[in-house]
Amino acid sequence: MLRNRVFTAVVGGHFMVDVLNSIGAVLLAVLAGPFGLSNQQIGLALTVYTLLGALSQPLFGWIADRLAGHTLQLAAIGVAWMALCYTGVALAPNWTVLLPCFMLAALGSGLFHPIGTASAAAAVPDRPASATSIFFFGGQIGLAVGPLLAGILLGIAGRAGIVPVAMMALVPAGTLLLAQQTARSRRSGHTAPLPQRRLWTKLAIVLLLAFIVLVVVRSSIQTVYQSFLPKLFSDRGWEPALYGALAGTFMASGAIGNVLNGWMADRLGMRIATVWPLILSVPAGLACFLATPVWVIFIAAGLAGMLVGGQHSILVLHAQRILPVRQGLASGLILGFTFASGAIGTWLSGMIADQIGLEQVMIGVTLLGLPAAALAFSLPGRTRPAAVAEVRAGLQPETGR
């Protein structure tokens, strides 16, 4: 899979995009003193940055679908745009110039993500779930590396330390341009018709609604964990280093879960790869909140992160299959919708926690894994080998058992 030039290019691009995405919080923390930034200003800047990147994805996905044959060029433009904007951030003389450069960088992320997500699955058609999961794994590694790299470089060179990070992004941008040529040469020999699926029946509408609710519930569970694990254990008297490590354990294990679930979905089907992890996430999450030994809490948090976080790539892939002729738009819609619904779920959980207590809310959110597992029965099962052969031939596939 990693010998596939197109696939390797989009994974590398995702890594670099999320490296740049993740340095914003560190950068603004460093600038708080020199520019006199308040916590409110920093929080607002990061919130608007996230919303610009998320809400622009459906639009850029639609544009990419309209410009079929040039998608990797657009992805390269997205990466290069972020490199340009972050160079502006590093060289800006004041906050008035820096802030627009920082905000505009989010549009490069919004351009890259729907294209990269669709291209990763299309580049490895015989193992799309595994390919999508590795694509997201590359981004999550970038999110982990970025703050560490930014902290070191900002400490050594100040804001100018961002320039070499931004310049590094030109490498995957160039790789994406070269991969576009590879993709064109592969299409030149034969163009197979894409399978089309129309949702006419009431059953299909019910399945679609179940999928939408599943995305809302699962993304809310994961985002609430990420947002409130530190606060919950801070309230219990833990030191920042300890509850920070716990939150990091949850997020890192989610990256591993994505790869494992992608592998499982390719072999056993999306339904099994989603239903059972969500069911098993309930006892793991309850153990995390109700156990007292620290080592048990860490193990339970790791298991919960792996079991809850692993379905992200599978659900994105299913959204692409619902709209098989508009994969860029489908990717943008599902990613934007996932992030937005998770944010709303976190907001609601915070309001309820002020009334009944954070631990009770976290337990209730964990139990949502059971209805989420029930909703996951709406996902397709294992695809028969004959169906895979038909997809490769460009014929209408059998959808699965």
Side-chain angles (χ1 to χ4, degrees), residues 2 5 7-37 41-42 45-46 48-50 52-53 56 72-113 115-116 120 134-180 244 248 251-252 255:
L2 294 179
R5 183 177 295 180
F7 178 73
T8 304
V10 295
V11 172
H14 196 196
F15 169 81
M16 198 65 232
V17 164
D18 279 350
V19 165
L20 293 174
N21 276 333
S22 67
I23 67 178
V26 179
L27 175 66
L28 294 181
V30 171
L31 296 178
F35 287 170
L37 303 179
Q41 286 176 300
I42 293 173
L46 293 174
V48 174
Y49 182 95
T50 301
L52 280 174
S56 63
L72 294 182
Q73 289 177 345
L74 292 174
I77 290 172
V79 180
W81 175 258
M82 293 190 75
L84 175 64
C85 289
Y86 272 97
T87 300
V89 167
L91 302 179
N94 51 52
W95 178 250
T96 304
V97 177
L98 186 150
L99 184 60
C101 291
F102 178 64
M103 295 299 179
L104 289 172
L107 297 179
S109 175
L111 175 58
F112 175 84
H113 272 94
I115 296 171
I134 293 175
F135 171 79
F136 283 112
F137 179 80
Q140 288 170 316
I141 295 299
L143 291 174
V145 169
L148 175 62
L149 184 61
I152 294 172
L153 294 176
L154 287 168
I156 294 174
R159 248 193 312 145
I162 298 299
V163 174
V165 182
M167 292 299 99
M168 285 169 53
L170 297 179
V171 175
T175 305
L176 285 163
L177 291 176
L178 293 175
Q180 180 72 75
M251 296 177 69

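As the structure is a prediction and not an experimental result, all values here were calculated from the model.
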Measure across Ala83 and Thr87 and return the closest heavy-atom pair with its distance rounded to 0.1 Å. O-OG1, 2.7 Å
Hey, are the side chains of Phe35 and Leu99 touching, using non-hydrogen atoms and a 4.5 Å cut-off? no
What heavy-atom pair brings Ala160 and Pro164 nearest, and what distance separates the two atoms? O-CD, 3.5 Å
Heavy atoms of Gly142 and Ser22 approach each other most closely as O-OG, 3.6 Å
Return a table of donor-acceptor pairs under 3.5 angstrom between the side chains of residues 145-153 and protein atoms on other chains or two or more places apart.
none

So do the side chains of Arg159 and Leu98 get within less than 4.5 Å of each other, counting heavy atoms only? yes
Would the distance check show the side chain of Tyr86 and the main-chain N or O of Leu20 forming a donor-acceptor pair, the cut-off being under 3.5 Å? yes
Donor-acceptor pair, side chain of His14 and main chain of Phe135, under 3.5 angstrom: yes
Looking at CZ of Phe136 and CG of Asp18, how far apart are the two atoms once the value is rounded to the nearest 0.5 Å? 9.5 Å
Any side-chain heavy-atom pair from Thr175 and Met16 closer than 4.5 angstrom? no
Look only at the side chain of Arg5 and the backbone of Leu178, and say whether a donor-acceptor pair between them is shorter than 3.5 Å. no
Contact summary for Gly138 and Val11, nearest pair of heavy atoms: CA-CG1, 4.4 Å
Report the relative orientation of the aromatic rings in Tyr49 and Phe102; use parallel for angles under 30°, tilted for 30 to 60°, perpendicular for over 60°. parallel
Note, Asn94 side chain near Val97 side chain (heavy atom, < 4.5 Å): yes
Shortest non-hydrogen contact from Ile162 toward Ala90: CB-CB, 3.9 Å
Hey, could you give me the CG/CG distance between Leu84 and Leu104, rounded to the nearest 0.5 Å? 9.5 Å
Do Gln73 and Leu176 come within less than 4.5 Å of each other through their side chains, counting heavy atoms only? no
Correct closest heavy-atom pair for Val10 and Phe112 would be O-CZ, 3.4 Å
